[in-house]
Amino acid sequence: MNSKRNVYLDLKSIEEAKKILFDQFENHVTKIETLDVVNAKERVLAKPAIAAISSPNFHAAAMDGIAVNASFTFGACEDAPITLIPDDNAFWVNTGHAMPEGTNAVIMIEHLNIIDKKNVEIEAPVFPWQHVRKMGEDIVATQLLFPRGHKINTYSLGALLAGGIFKVDVYKRPKVLIVPTGSELKQWHEISIDQLKPGDVLESNSTVLGGLCEDHGAQFDCHPMLKDNLETIKSAIKTAATQQYDMICIIGGSSAGSEDFAKPVISSLGELYVHGVTMMPGKPMMFGRVSDTPVFGIPGYPVSAIVAFEQFAGPLLLNMQRLPSKQPTEALVSPARKIASKLGQEEFLRVKIGSVDGKLISSQLPRGSGNITTLTEADGIIRIPANSEGISQKEQVHAQLLRPLSSIENTIVITGSHDNTLDLIADQIKAVRGDINISSSHVGSMGGIMAIKKGACHMAGAHLLDPEDGTYNISYIKKYLADQKVWLINLVMRDQGLIVPKGNPKQIQSIEDLKDKSLRFINRQPGSGTRILLDYKLKTLGISPDDILGYENDEYTHMSVAVSVLSGRVDAGLGIHAAARALDLDFVPIVTEEYDLVIPDRFYHTRKVQVLLESIQTKEFQDRVISLGGYDTQKTGKVIYQSDS
Ligand SMILES: Nc1nc2c(c(=O)[nH]1)N[C@H]1C(S)=C(S)[C@@H](COP(=O)(O)OP(=O)(O)OC[C@H]3O[C@@H](n4cnc5c(N)ncnc54)[C@H](O)[C@@H]3O)O[C@H]1N2
Ligand code: MOO
């Protein structure tokens, strides 16, 4: 360790930090360049676009037919048709032709009686300018087509060309240098997966931030990755600040660790304006100035990096091209459960959103800012203000939407117990219907039943054993969902058992073996079918939960139980065979259980649910399920029970 630890000097709110940023760099606007219109898509006009010519630039026939002077046709009727003589008092025209001298109307060919080559009759008069596109109808020469600041989209290209504008003056795209730092980082193209050692981290932020630069109209260069070394990073930033970059983003090393150098680099080379913003994720972000270039210290955690960029660097890049900040699309959502949040920092909470019974319901995703999937899984972001301790279940709140509402509305929301085949359904359904999505969240079987009761999902995955008669789910439906008609459809039969390390080093053969206090166990959360199964087994075997080391520690999915075993944190956990197989662990079978889908009748008959039910009955789906291991599909898709209330 060769450096002092950083401390945040003075945390700023997002608004305060933005004000400082814009006070400092408001006037940083890129230079102007002249481009051929055809190369100017997505660029921003630095000068107004004034039409050079009118469009059409002449009176043009709008239909195929014959051009006439309307006054010549007045008085024509069925009893007294008027004869037109082509090339004399009328002229054949096609759509788009210039109107011949002296004419001001077009009669469509289908309204003519063609007598012979020389004589054409009409039985009705026409009014002046009928079926004629007058000169300047669309664009008039000297008209302002677009003011400066207009972002040229595909439609704009058509208007510019039609208005005779072939070159435009646009703001240059800002150029950003992205500097990934961290001795632990490995480039994907320089390492194979099997060479990765504990502590190595695949570098991904520079690709993501580069993409975000482009989304904000900028270009980017990626600096080669730098080790955590103050002098190396300092020298790279010093050089970069003399080059033609409009912005520099140092990634990583923004927080308080001994190897976090962004802050000393910026302060020693220039001036640091802000270090620490009261937001989560992204708190340690910073910015300052080196030479005249804005330099950001972007936190290394992937979600923190994205939030920090989108809140600060992105808007500054837009301003450099005189574009306004992006305004996200929002919708009012109802949280499925109460959301707690820390006072004093504005939280960007990632949520899944489902549309159930016409109401948008949000369910919270994990908060970890190191987990990029909390964003890739998210349908929206709820911003919880710094002065709020959270959101109650009764409140409706605004969520920024990350995908279109139509796509959210076409999503089947599955809540409840976790099973690996739910991921297969999500993929399989896409093979037949690209517009239907699956969103599953894992809250345990009882959580799923309760979500159905509350109208918060379209279906629930459940495997709730009734110890009295050995049936699954039916008695729970009768007890908790007596007020509605539901269908119980089997998804799979699956093996539940003890997931143990490869080779089963502790020779665990049964649940009784867990009584050995030297064995560490990981449980599932209360209300999950697996937990109910364990409790049932313990009861019938006469084992007290106190006899099991780790009974009180729980995980939410089979896969996280398997990960706990793989990491060596525990010696065993109860879960499905497929989870053990997926991570190449050993498995001691305990029971074969029924995993079903509980579907309210009002959703059962909808097209999207029927598509799902059809897709689980295909051979392709069932073959994929079998290949996961530990599954039987003989009852898949069968109606197990139908309640009649
Ligand atoms: N004692 C404290 N520790 C931390 C604090 C704090 O206030 N006090 N803040 C935490 C918060 S909040 C955040 S956010 C992180 C920010 O960390 P750094 O910006 O210093 O980033 P690193 O430590 O370098 O990396 C964090 C994490 O991200 C990975 N990483 C870094 N760069 C990349 C990249 N280009 N691509 C992919 N992944 C990257 C890195 O390997 C680490 O795992 O600090 C907390 N700590
Ligand atoms: O800001 Mo950190 O991003 O809260 O994890």
Side-chain angles (χ1 to χ4, degrees), residues 1 3-14 17 176-191 196-213 220 222-230 232-233 236 248-266 272 274-287 295-313 341-350 365-376 381 383-384 386:
M1 288 199 193
S3 110
K4 288 196 193 125
R5 288 182 179 268
N6 287 316
V7 280
Y8 304 102
L9 289 175
D10 181 14
L11 289 172
K12 298 275 187 288
S13 70
I14 297 182
V176 182
L177 180 67
I178 297 173
V179 188
T181 70
S183 304
E184 77 285 14
L185 299 178
K186 302 287 169 207
Q187 286 281 13
W188 66 271
H189 51 86
E190 287 175 3
I191 193 160
L196 283 174
K197 297 187 297 299
D200 290 347
V201 173
L202 287 166
E203 203 283 313
S204 58
N205 286 344
S206 61
T207 303
V208 175
L209 292 197
L212 289 176
C213 285
F220 71 98
C222 257
H223 194 280
M225 288 183 324
L226 296 176
K227 302 247 179 259
D228 290 314
N229 177 295
L230 178 61
T232 322
I233 302 174
I248 299 171
C249 291
I250 307 171
I251 310 176
S254 69
S255 63
S258 59
E259 306 279 287
D260 289 336
F261 296 123
K263 179 176 163 187
V265 164
I266 301 176
L272 185 76
V274 168
H275 181 204
V277 178
T278 54
M279 64 181 196
M280 196 177 84
K283 180 181 93 173
M285 71 88 54
M286 72 190 80
F287 57 82
V295 181
F296 285 86
I298 303 277
Y301 278 144
V303 183
S304 315
I306 292 172
V307 172
F309 186 96
E310 290 189 332
Q311 286 305 306
F312 296 96
S341 181
K342 209 166 142 190
L343 261 185
Q345 51 193 17
E346 180 163 347
E347 190 174 0
F348 291 71
L349 190 83
R350 283 83 76 201
L365 283 159
R367 290 186 144 107
S369 41
N371 303 346
I372 186 73
T373 54
T374 64
L375 262 183
T376 54
I381 292 178
R383 286 178 69 160
I384 307 175

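Being a predicted model, the structure only gives us computed values, none of them experimental. Just so you know, ligand 1 is whichever comes first in the structure, and atom 1 is the first atom listed for that ligand.
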Give yes or no for whether the N/O distance cutoff of 3.5 Å, strictly under, is met between K283 and ligand 2. yes

[X] side, atom [atom1]; [Y] side, atom [atom2] - distance, nearest 0.5 Å:
X    : Y    : atom1 : atom2 : answer
H223 : I178 : NE2   : CD1   : 12.5 Å
M279 : L11  : CE    : CG    : 11.0 Å
Q311 : I306 : CD    : CD1   : 12.5 Å
I191 : E203 : CD1   : CD    : 13.0 Å
D200 : S183 : CG    : OG    : 11.0 Å
T278 : I14  : OG1   : CD1   : 6.5 Å

Best match, S304, G282, S254: closest heavy atom to atom 1 (O) of ligand 2: G282

Student check: side-chain heavy atoms of S341 and L349 closer than 4.5 Å: no

Are the side chains of H275 and I266 in contact, using a 4.5 Å heavy-atom criterion?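 No, their side chains stay 4.5 Å or more apart.
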
Quick one: does any side-chain atom of N205 pair with a main-chain N or O of G300 as donor and acceptor, under 3.5 Å?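 Side chain of N205 to backbone of G300: a pair is present.
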
Donor-acceptor check, side chain of N229 to backbone of T232, threshold 3.5 angstrom: yes or no?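 Yes; judged by distance alone, with no hydrogens or angles, the pair exists.
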
For [X], counting its heavy atoms only, list the atoms of ligand 1 lying under 4.0 Å from any of them.
X    : result
D260 : 20 (O), 23 (O)
K283 : 7 (O)
E203 : 34 (C), 35 (N), 36 (N)
V201 : 38 (N), 41 (O)
S304 : 14 (S)

Have a look at ligand 1 and work out which part of P284, if any, has a heavy atom under 4.0 Å from it: side chain, backbone, both or neither.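 P284 to ligand 1: side-chain contact only, backbone stays beyond 4.0 Å.
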
Structural part of L185 in contact with ligand 1, heavy atom criterion under 4.0 angstrom: side chain

For ligand 2, which atoms have a heavy atom of Y301 less than 4.0 angstrom away?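 Result: 5 (O).
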
Numbering the atoms of ligand 2 from 1, which are under 4.0 Å from a heavy atom of P284?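 The list of qualifying atoms is 1 (O).
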
Can you report which non-hydrogen protein atom sits closest to atom 4 (O) of ligand 2, along with the distance? M280 CG, 3.3 Å

Nearest protein heavy atom to atom 5 (O) of ligand 2, by residue and atom, and its distance?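 Heavy-atom neighbour on the protein nearest atom 5 (O) of ligand 2: S369 OG, 2.3 Å.
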
Backbone or side-chain N or O of [X] under 3.5 Å from ligand 1 N or O:
X    : answer
S369 : no
G300 : yes
S206 : no

Between ligand 1 and [X], can you find any atom pair, the residue atom being a heavy atom, that is separated by under 4.0 Å?
X    : answer
S204 : yes
G253 : yes
D228 : no

Side-chain ion pair, R383 and E346, N-O less than 4.0 Å: yes

Please identify which of these residues, S304, S254, C249, P180, meets the side chain to side chain contact (heavy atoms under 4.5 Å, CB included) condition with I298. C249

With heavy atoms under 4.0 Å as the rule, classify the contact between P281 and ligand 2 as side chain, backbone, both or neither.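 Contact part for P281 vs ligand 2: both backbone and side chain.
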
